[in-house]
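Chain A is the first sequence line, chain B the second, and so forth, proteins listed ahead of strands; every chain is numbered from 1. Keep in mind that this is a model prediction, so the values were computed, not measured.
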There are 2 protein chains.
Amino acid sequence: MLKGILQYAHTLLDKSVNKGETVIDATCGNGHDTLFLSKLVGEEGHVLAFDIQQQAITNTKKRLEQNKRTNVSLIHDSHAHIEKYIQLEKHGPIGGAIFNLGYLPRSDKTVITKGDTTVQAMKAILKVLKKDGLIVAVIYHGHEGGEEEKNEVLQFTSALDQKEYKVIKYGFINQKNNPPFIVAIQKLK
Amino acid sequence: MLKGILQYAHTLLDKSVNKGETVIDATCGNGHDTLFLSKLVGEEGHVLAFDIQQQAITNTKKRLEQNKRTNVSLIHDSHAHIEKYIQLEKHGPIGGAIFNLGYLPRSDKTVITKGDTTVQAMKAILKVLKKDGLIVAVIYHGHEGGEEEKNEVLQFTSALDQKEYKVIKYGFINQKNNPPFIVAIQKLK
């Protein structure tokens, strides 16, 4: 059957990330993806989870504690600075990354991810991503500012050289209210 | 990793069609999908394979014979008349269907599928499709007339009631030369 957006995002990472790898949650939000990634890479693996909002860091920390997960570094900073926190010699090539774009659910809708910093973070991750690794972006765009970010991300990803990257778009086309969709980038070399 | 278009189309059907069911290849072309479906439903199942071109019927017949497949009815008629050939009491609810839209590869590029008859065929199949069954359309649109058909199919499918159908679009967004993409419809009730 046709997978829902979050289910499809997790399936893509499930099939491309290996146990023991370091992966990135670029927008930890309420920690759902962080918890998923933490289990996916196993005890030997590591998750670098970013969020610019203290509330998101707090919520994710709580969720991880409740689930007794200890393999996550929570980083209270914008994913625009992701480059500062990735050390190839320490983390190895990154196994995969997820972005959940928009605002923190059940929180202030005016604090949103923005196209320029999102693209900056994607560029930084592509440099350190393993061959055949994926960046999966779940793009919410119904809120104010969402349209602009959506367009910037689509512009950047659709211009990626097809000899070096595959980029797919997956989404429901008969749903009302600007449903989220997925853009996933696979690094080919 | 990110699945290619044909691989993804087959995966969707592989996960939703059961052995013993009757399925439809609305555009048998050179018989690749017909052969796939023939194996998918097994000896107890049945494939109704349509094409308006004699060359396609001949090519598909040859491919099926080479593979010793005997569970296919080849129907030399437009899929616009699909309704005439489906008898619910005989075939049971249809397990799934595939459309490969465009022209017959290595043949006359002026003989193409067209939006109005394609939509007519989709409507007929949706009526007899099983619950949670899929129609998977692989949409080639780089040829003359392809743009019109693409738009008609997208207009029809994106207007389907989300309470009764899920409709997804899957495709590569960083490839040159109008790459094909997939539209898949899941019947929810």
Q) Under a single-linkage definition using a 4.5 Å side-chain heavy-atom cutoff for Ile, Leu, Val, Met, Phe, Trp and Tyr, are Val136(A) and Val183(A) assigned to the same hydrophobic cluster? A) no

In terms of hydrophobic clustering (I, L, V, M, F, W, Y; side-chain heavy atoms under 4.5 Å; direct or indirect links), are Ile75(B) and Met122(B) co-clustered? yes

**Message:** For a 4.5 angstrom cut-off between non-hydrogen side-chain atoms, does Ile173(A) reach Ile168(B)?
**Reply:** no

Honestly, the part of Leu160(B) sitting under 4.5 Å from a heavy atom of chain A is both

| query | Hey, is CD1 on Ile52(A) packed in by over 12 heavy atoms from elsewhere, all under 6.0 Å? | reply | no

message = Tell me whether Met1(B) shares a hydrophobic cluster with Ile98(A), the cluster being built from Ile, Leu, Val, Met, Phe, Trp, Tyr side chains joined at under 4.5 Å.
response = no

> Within a strict 4.5 Å, meaning less than it, do heavy atoms of the Leu2(A) and Leu134(B) side chains meet?
Replying inline: yes

Between these two chains, chain B and chain A, I want each donor-acceptor atom pair under 3.5 angstrom written on its own line with its distance.
residue	atom	partner	partner atom	Å
Leu2(B)	N	Gln186(A)	OE1	2.9
Leu2(B)	O	Lys166(A)	NZ	3.4
Leu160(B)	O	Asn174(A)	ND2	3.0
Gln162(B)	OE1	Lys176(A)	N	2.8
Tyr165(B)	O	Asn174(A)	ND2	2.8
Lys166(B)	NZ	Leu2(A)	O	3.4
Val167(B)	N	Asn174(A)	OD1	3.2
Val167(B)	O	Ile173(A)	N	2.9
Lys169(B)	N	Gly171(A)	O	2.9
Lys169(B)	O	Gly171(A)	N	3.2
Gly171(B)	N	Lys169(A)	O	3.2
Gly171(B)	O	Lys169(A)	N	2.9
Ile173(B)	N	Val167(A)	O	2.9
Asn174(B)	OD1	Val167(A)	N	3.2
Asn174(B)	ND2	Leu160(A)	O	3.0
Asn174(B)	ND2	Tyr165(A)	O	2.9
Lys176(B)	N	Gln162(A)	OE1	2.8
Gln186(B)	OE1	Leu2(A)	N	2.9

* Check whether Ile135(B) and Ile5(B) end up in the same hydrophobic cluster, where Ile, Leu, Val, Met, Phe, Trp and Tyr are linked by side-chain heavy atoms less than 4.5 Å apart. => no

Please check if Leu101(B) and Leu6(B) belong to a single hydrophobic cluster, counting links between Ile, Leu, Val, Met, Phe, Trp and Tyr side chain heavy atoms closer than 4.5 Å.
no

